[in-house]
Number of protein chains: 2
Amino acid sequence: MAADISSTSVPGTLSLRERKKLRTRAALVDTALALFTERGFDGVTLDELCEAVEVSKRTFFRNFASKEQVASAPLEALWNGLRDDVEHLAFGHVPVLEVLQEALLVALARMDDGGAWVTHVRRSRELAERTPSIAAYGLQYCDDTSAAIEEALQRRLGLDPADPRPRLALDLVVASFHAALRAWTAKPGAPTHAGLAAELRSVFAALPGALTFSMA
Amino acid sequence: MAADISSTSVPGTLSLRERKKLRTRAALVDTALALFTERGFDGVTLDELCEAVEVSKRTFFRNFASKEQVASAPLEALWNGLRDDVEHLAFGHVPVLEVLQEALLVALARMDDGGAWVTHVRRSRELAERTPSIAAYGLQYCDDTSAAIEEALQRRLGLDPADPRPRLALDLVVASFHAALRAWTAKPGAPTHAGLAAELRSVFAALPGALTFSMA
DNA sequence: AGGCTTATGCTCCTGAGTAGCACTTTGAGT
DNA sequence: ACTCAAAGTGCTACTCAGGAGCATAAGCCT
């Protein structure tokens, strides 16, 4: 899943084979999001998608585990980034919740290419909203990643595996991101990276109130 | 989805047709959980399941939207119960989070038949743990129900639809339940209803600490 | 009792996802 | 430079989930 640096002499440079594979993968994501957006997830068969990218179905399934995954790829990249970062977080004596919030903002900032990612995410999100199977896949991936992160937190913080607190803190951060994503997707106009980050900060700010507020 | 009282004179009594349908449904859930547990989710085809219950595949799909749903039925009943209850909650000036926690405990208590439900949940849970597609379906159903509950909360509390707090509070309650479920499933021995409720209370108690705790 | 509604069964069909085999490309050893 | 092993790719054939149309039977109302 994560790009790994291998056998080539210059670190950070990928072999021809690896670059080709990444290009194929990117082309599949790009074309899939375009076709799904245009004709709907169920209106596009895998055969059509593969034909458009000039790749066989076999190759598709070597890059993605399911039709749903190719539509969820942009957000998976974000969660993978967060998961990898947790390994190197400095915790000091700051509350874990705050460390995780900051880590998500950092992972999000890292996704800021020239706007390609943000455009993909917007499309992916809109598809998920009207396609239950995509939403289901995304939630499950998120849950899996959360379990992996929880495990890392337990290890790095020296906590009892039965302690529910790290997972709850993490789930709260994830729920905040989903809330931010919904709000951001609902906003009309061209999607921006800064806009998404702002929504996320705003939800984080509302979080303490979520625990204490009562009827107006 | 929810049992509705119809045309018969005595409220609470279902017509023969409706009772028969419910029996078929229950038989499908029961047999499905047994077969899936025995041979694995992918080791049982729908045709086999339908044959075992002596029902056609058409009938199966009139009762359930997918193979995954029949395995998730027990927990769906709980979420449906919570969703319906939210319509009649008294909020007073108690924090919404606490009202929701209490509501979930009440909905859970209502599931206490003689142990059949709890046995089904345990099996369903164990299946979900080793079958990603079941887990995905369950999370998506939960998310859908949460959206419906959020909508009800907005309406009943007179809140701005853009206010993220009710959904965050709800997500926290749901996350607590999932944590309790994981802990409960991990415990060996015969599953009990009281045990699950106790786990849930224990997670609720740990919740404030989840926001503030830092490295030991 | 008889007509109406609704569940059910049967059968055919599409498309996701898997597996086996042959072919090509790439990186490494000599 | 040449060769070989390893990995990626394409083709084909297969299983099974899930949906649609039409005919039948069971339960409901008058």
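These numbers come from a predicted model, not from an experiment. In the text below, chain A, chain B and the rest are named by the order of the sequence lines, each starting its count at 1.
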- Query: Quick one: which of dT9(D), dA17(D), dA16(C) gets closest to the side chain of Lys67(A)?
  - Reply: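 Closest nucleotide to the Lys67(A) side chain: dA16(C).
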- For the side chain of Ser66(A), counting heavy atoms from C-beta on, which of dG17(C), dT8(C), dG10(D) is nearest?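 Looking only at heavy atoms from C-beta outward on Ser66(A), the closest nucleotide is dG17(C).
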Specify the separation, in whole Å, of atom [atom1] of [X] and atom [atom2] of [N].
X	N	atom1	atom2	answer
Phe61(A)	dA7(D)	CZ	C1'	20 Å
Phe36(A)	dA16(C)	CZ	C1'	12 Å
Lys21(B)	dC28(D)	NZ	C1'	16 Å
Phe64(A)	dT18(C)	CZ	P	15 Å
Leu49(B)	dC16(D)	CG	P	14 Å
Phe60(A)	dC11(D)	CZ	P	17 Å
Leu46(A)	dG10(D)	CG	C1'	16 Å
Glu54(A)	dC11(D)	CD	P	11 Å

No-hydrogen, no-angle side-chain donor-acceptor test under 3.5 Å, [X] and [Y]:
X	Y	value
Glu76(B)	Tyr137(B)	yes
His193(A)	Asp113(A)	no
His178(B)	Asp171(A)	no

- Verify whether the ring centers belonging to Phe177(B) and Trp79(B) lie closer than 6.0 Å.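 So the answer is yes for these two rings.
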- Message: Does Glu68(A) reach a base, just sugar-phosphate, or nothing at all? Heavy atoms under 4.0 Å.
- Response: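 Sugar-phosphate contact only - Glu68(A) comes under 4.0 Å of backbone atoms but never of a base.
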- Message: On DNA chain C, compare the nucleotides closest to Arg62(B) and Thr45(A); which residue's is nearer the 5' end?
- Response: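 Whichever sits nearer the 5' end wins; that is Arg62(B).
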- Residues in ring pair (Phe, Tyr, Trp, His ring centres under 6.0 Å) with Phe41(B), at least two apart?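 Checked Phe41(B) against ring pair (Phe, Tyr, Trp, His ring centres under 6.0 Å); matches are Phe36(B).
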- Message: Using OP1 and OP2 only, check whether a side-chain N or O of Thr59(A) sits under 4.0 Å from dG10(D).
- Response: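 Yes, because at least one side-chain N or O of Thr59(A) sits under 4.0 Å from OP1 or OP2 of dG10(D).
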- Query: What about Arg58(A): does its side chain form a donor-acceptor pair under 3.5 Å with the base of dG20(C)?
  - Reply: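 Indeed there is one.
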- Item | No-H, no-angle donor-acceptor pair, Lys57(A) side chain to dG17(C) base, under 3.5 Å |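 When only heavy-atom distances are counted, Lys57(A) does reach the base of dG17(C) through a donor-acceptor pair under 3.5 Å.
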